[in-house]
Protein chains: 2
Amino acid sequence: MTTTAKVKRGRKFDQVIEGARRVFLRDGFDGASVDDITREAGVSKATLYSYFPDKRLLFLEVAKGECRRQAETAVEFDDTDSAPETVLTIAGRRIAELASSDFGRSVFRVCVAEAERFPEIGHEFYKSGPGLVRQRLIAYLEGAVARGQLAIDDIPLAAAQFAELCRAEVHVRRLFHLDETFSAKRRDGIVRGAVEMFMSRYGVRNRD
Amino acid sequence: MTTTAKVKRGRKFDQVIEGARRVFLRDGFDGASVDDITREAGVSKATLYSYFPDKRLLFLEVAKGECRRQAETAVEFDDTDSAPETVLTIAGRRIAELASSDFGRSVFRVCVAEAERFPEIGHEFYKSGPGLVRQRLIAYLEGAVARGQLAIDDIPLAAAQFAELCRAEVHVRRLFHLDETFSAKRRDGIVRGAVEMFMSRYGVRNRD
DNA sequence: CGGACAATAGACCGCTTGGTTCAGTTCCGG
DNA sequence: CCGGAACTGAACCAAGCGGTCTATTGTCCG
């Protein structure tokens, strides 16, 4: 109780999670057998089942953990003093990076596949991924509007638009293996396009 | 040979496909058992296996068929005489509708889930869905630029941007069950936002 | 009307799965 | 260095899986 453990009841807990993480992200829920996981984790079946009552709960735990990890890599807006172009470019790069990374893609795939069977995973994913980005973007945009840097009527819509623009091409083409990688250059081009489009719509200079 | 059949070797062929379609779209590849499918199709196992050598091939056939169906509902650009705002609004509605429909969502989900195991399904889906939309949008935009209606430097990027803007919010929130339906009104609002943004970036009036 | 033959239903097979059990081994704090 | 908790490995189970096989039904042509 004094060290690290509280809920987790044994020394191999982390091994189990880590092994399950790798196998589930690679093979999905159905594709991963419990034996695969124990092998990957270097742990016996009995040990695994001493931590988790069944495969479903183990999966939920892993999936939620990955969603939390995803949240950690999400955008943050510290430097709100710079011009919107600058702030949005930096934020956009983070969004595009996550969308094209192996990690982001794997988590997305597995959450989409199992969102029907495990609805809470769907919610968790949204909340810690697109939802979080959306929320932080909204907060930033509100500030920028108040500061007179941007002119936006429907801020939630604008936030969704910007995020979606940064994922244009990148996400879908990686998901379906049309591109095996995205160069930083190409990604930056897409982000630049997103910022340009966003600014020409909501920048203070061009009011309609 | 005189009637309807040519390739398909029996009268229950369509029943099999239809049953498999329903079960696969509902439960995915692993989630669907062959017995489920025969039950749903009202057909015996032997009958099914007389048409398809194994479950994998049946799935591929169904998935490809659904991709073809998806292609049929994709955007088309007949009326290119109207103003870009009008043409894009109509096209955008089609894109947003498909993205938020049960059909579009199911096909997307199942293709994402199995794109790793069946790479050709990933390609087929892209080709008959986002890829087709992109291609047709590019063709239209090229025309509009030539006609002097729009000013676009990177047409493929612009096409991707527009399509993505129309799917903003709609797609993700439906995928993860944050909204069970999308009213036509709300959808139209998103499409209007997409068109406005697109026009303020690429409309001929606002050159930078 | 009858016989040949394809289509069919569903019992059946071998195998893998998630999950359990248990006798024995390792680890670690006191 | 001891005692108990954590861990192991393998054997084991029932259930469900994809796929096959055979006995029966239905159909069509002479």
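In what follows, chains are A, B, ... by sequence order, proteins preceding strands, each numbered from 1. These values consider heavy atoms only, across backbone and side chains, with no hydrogens, waters or symmetry-generated copies. Because the structure is predicted, anything quoted here is derived from the model rather than measured.
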Q | Pairs where residues 63-94 of chain B contributes a residue and the test ring pair (Phe, Tyr, Trp, His ring centres under 6.0 Å) is met, not counting sequence neighbours | A | B/F77-B/Y140
(Q) Under a 3.5 Å threshold, yes or no: a donor from one side chain and an acceptor from the other, between B/D79 and B/S82? (A) yes
Spacing of [X] atom [atom1] relative to [N] atom [atom2], expressed in whole Å:
X: B/L58; N: D/dG18; atom1: CG; atom2: P; result: 11 Å
X: B/L48; N: C/dG10; atom1: CG; atom2: P; result: 15 Å
X: A/Q15; N: D/dA6; atom1: CD; atom2: P; result: 16 Å
X: B/F52; N: D/dT20; atom1: CZ; atom2: C1'; result: 18 Å

Each nucleotide N or O in nucleotides 16-20 of chain C that has a protein N or O under 3.5 Å away: list the pair and distance.
unit_1, atom_1, unit_2, atom_2, d
C/dG18, OP1, A/A32, O, 3.3
C/dG18, OP1, A/K55, NZ, 2.7
C/dG18, OP2, A/V34, N, 2.8
C/dG19, OP2, A/Y49, OH, 2.8
C/dG19, OP2, A/K55, N, 2.8
C/dG19, O5', A/Y49, OH, 3.4
C/dG19, N7, A/K45, NZ, 2.7
C/dG19, O6, A/K45, NZ, 2.6

Q) Taking the six-membered ring for Trp, are B/F118 and B/F59 parallel (under 30°), tilted (30 to 60°) or perpendicular (over 60°)? A) tilted
(Q) Classify the ring geometry of B/F125 against A/F176: parallel below 30°, tilted from 30° to 60°, perpendicular beyond 60°. (A) tilted
Looking only at side-chain N and O atoms, does [X] come under 4.0 Å of OP1 or OP2 in [N]?
X: B/S44; N: C/dT8; value: no
X: A/T47; N: D/dC7; value: no
X: A/Y51; N: D/dA6; value: no

Just distance, no hydrogens or angles: give the donor-acceptor pairs under 3.5 Å from side chains in residues 180-193 of chain A, sequence neighbours left out.
unit_1, atom_1, unit_2, atom_2, d
A/S183, OG, A/R186, N, 3.0
A/R187, NH1, A/S100, OG, 3.4
A/D188, OD1, A/R93, NE, 3.0

Q) Can the ring centroids of B/F108 and B/H171 be said to lie less than 6.0 angstrom from one another? A)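 Yes; B/H171 has its ring centre under 6.0 Å from that of B/F108.
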